[in-house]
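Encoded as structure tokens, the structure appears first; notes follow it.
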Amino acid sequence: AQSVTQPDIHITVSEGASLELRCNYSYGATPYLFWYVQSPGQGLQLLLKYFSGDTLVQGIKGFEAEFKRSQSSFNLRKPSVHWSDAAEYFCAVGGLLSGGGADGLTFGKGTHLIIQP
Amino acid sequence: KAGVTQTPRYLIKTRGQQVTLSCSPISGHRSVSWYQQTPGQGLQFLFEYFSETQRNKGNFPGRFSGRQFSNSRSEMNVSTLELGDSALYLCASSYSGSSGETQYFGPGTRLLVL
């Protein structure tokens, strides 16, 4: 069964500092990988996704992520965080169902990002 | 284009009651998925509908059911509510529900069971 691990429950970063959020996945086939962000009381917004090709993926709001198959990782990075980046970040994995159709996304437990002034 | 809308946004019910939540996908999207989010279990996949048919189902009891209408709007029903059903229920839509296709999430319905 697929699984996603986000080892860091909370991360505190100073405004302007760089950020890396870790994500490790387990999936039996070629994974589709996603990073979503959730602000308090809101739904999920897609930051970026990886299907194939270039392993360094650019997303919105200055985020990027690198897929490393050998490490089963898909870490999210940002060179300089802003106070508005404070939120909950979720890594998710999905894939191809044998019968077709949407394979429900499997999410990690999330990383709560705190920005210090 | 309007985003995914969910109604109601907040709901309070008592144990044993049933509840129906509604989701209107982005115009043109035919796949609707439902997720439950709780502090303890995180985000968990409930089921996915496409063209009024349930194509995929997560590991939830039969008290959780859903349906989709011809206009792609979807409803989720939970019968015989339990305290543990208190959660944020998120709906997501995509064009065809193909693997890897971006799912766009609504703001959720927050259900509190007393």
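Chain letters run A, B, ... following the sequence lines, proteins first, then strands; residues in each count from 1.
A 6.0 Å sphere centred on OH of Tyr104(B) holds no more than 12 heavy atoms belonging to other residues, nucleotides or ligands. Atom CG of Leu114(B) sits in a crowded spot, with more than 12 heavy atoms from other residues, nucleotides or ligands closer than 6.0 Å.
Only the backbone of Glu101(B) comes within less than 4.5 Å of a heavy atom in chain A; its side chain stays farther off. In this structure, chain A has a heavy atom under 4.5 Å from the backbone of Gln41(B), while its side chain stays farther away. If you measure heavy-atom distances from Arg110(B) to chain A, you find no contacts under 4.5 Å at all.
Contacts between residues 37-71 of chain A and chain B, defined by a heavy-atom separation under 4.5 Å, are made by Gln38(A), Gly41(A), Gln42(A), Gly43(A), Leu44(A), Leu46(A), Lys49(A), Phe51(A). Using a 4.5 Å heavy-atom cut-off against chain B, the contacting residues of residues 107-117 of chain A are Phe107(A), Lys109(A).
Both Leu83(B) and Leu111(B) belong to a common hydrophobic cluster when Ile, Leu, Val, Met, Phe, Trp and Tyr are linked at side-chain heavy-atom distances under 4.5 angstrom. Under a hydrophobic-cluster definition in which Ile, Leu, Val, Met, Phe, Trp and Tyr are linked whenever side-chain heavy atoms come within less than 4.5 Å, directly or via other members, Tyr89(B) and Tyr49(B) are assigned to the same cluster. Each of Tyr35(B) and Val32(B) belongs to its own hydrophobic cluster when Ile, Leu, Val, Met, Phe, Trp and Tyr are linked at side-chain heavy-atom distances under 4.5 angstrom. Hydrophobic cluster membership differs between Ile26(B) and Met76(B), with clusters built from Ile, Leu, Val, Met, Phe, Trp and Tyr side chains linked at under 4.5 angstrom. Note on Leu33(A) and Leu21(A): same hydrophobic cluster, where clusters join Ile, Leu, Val, Met, Phe, Trp and Tyr whose side-chain heavy atoms are under 4.5 Å apart, directly or indirectly.
Heavy-atom pairs under 4.5 Å with chain A were tallied for Leu90(B), Leu88(B), Thr102(B); the largest tally goes to Thr102(B).
Residues Gln103(B) and Tyr36(A) come closest through the heavy atom pair O-OH, 3.0 Å.
The shortest side-chain heavy-atom distance between Phe90(A) and Leu43(B) falls under the 4.5 Å cut-off.
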With a 3.5 Å cut-off and sequence neighbours excluded, list the donor-acceptor pairs that the side chains of residues 57-69 of chain B form with protein atoms.
{"residue": "Lys57(B)", "atom": "NZ", "partner": "Phe60(B)", "partner atom": "O", "Å": "3.1"}
{"residue": "Arg63(B)", "atom": "NH1", "partner": "Ser79(B)", "partner atom": "O", "Å": "3.1"}
{"residue": "Arg63(B)", "atom": "NH1", "partner": "Thr80(B)", "partner atom": "O", "Å": "3.2"}
{"residue": "Arg63(B)", "atom": "NH1", "partner": "Asp85(B)", "partner atom": "OD2", "Å": "2.8"}
{"residue": "Arg63(B)", "atom": "NH2", "partner": "Asp85(B)", "partner atom": "OD1", "Å": "3.0"}
{"residue": "Arg63(B)", "atom": "NH2", "partner": "Asp85(B)", "partner atom": "OD2", "Å": "3.3"}
{"residue": "Arg67(B)", "atom": "NE", "partner": "Glu75(B)", "partner atom": "OE1", "Å": "3.3"}
{"residue": "Arg67(B)", "atom": "NH2", "partner": "Glu75(B)", "partner atom": "OE1", "Å": "3.2"}
{"residue": "Gln68(B)", "atom": "OE1", "partner": "Phe50(B)", "partner atom": "N", "Å": "3.3"}
{"residue": "Gln68(B)", "atom": "OE1", "partner": "Ser51(B)", "partner atom": "N", "Å": "3.2"}
{"residue": "Gln68(B)", "atom": "OE1", "partner": "Glu52(B)", "partner atom": "N", "Å": "2.9"}
{"residue": "Gln68(B)", "atom": "NE2", "partner": "Arg30(B)", "partner atom": "O", "Å": "3.1"}
{"residue": "Gln68(B)", "atom": "NE2", "partner": "Ser72(B)", "partner atom": "O", "Å": "3.1"}

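Residue pairs meeting the disulfide bond (SG atoms under 2.5 Å apart) criterion with at least one member in residues 26-112 of chain B, sequence neighbours excluded, are Cys23(B)-Cys91(B).
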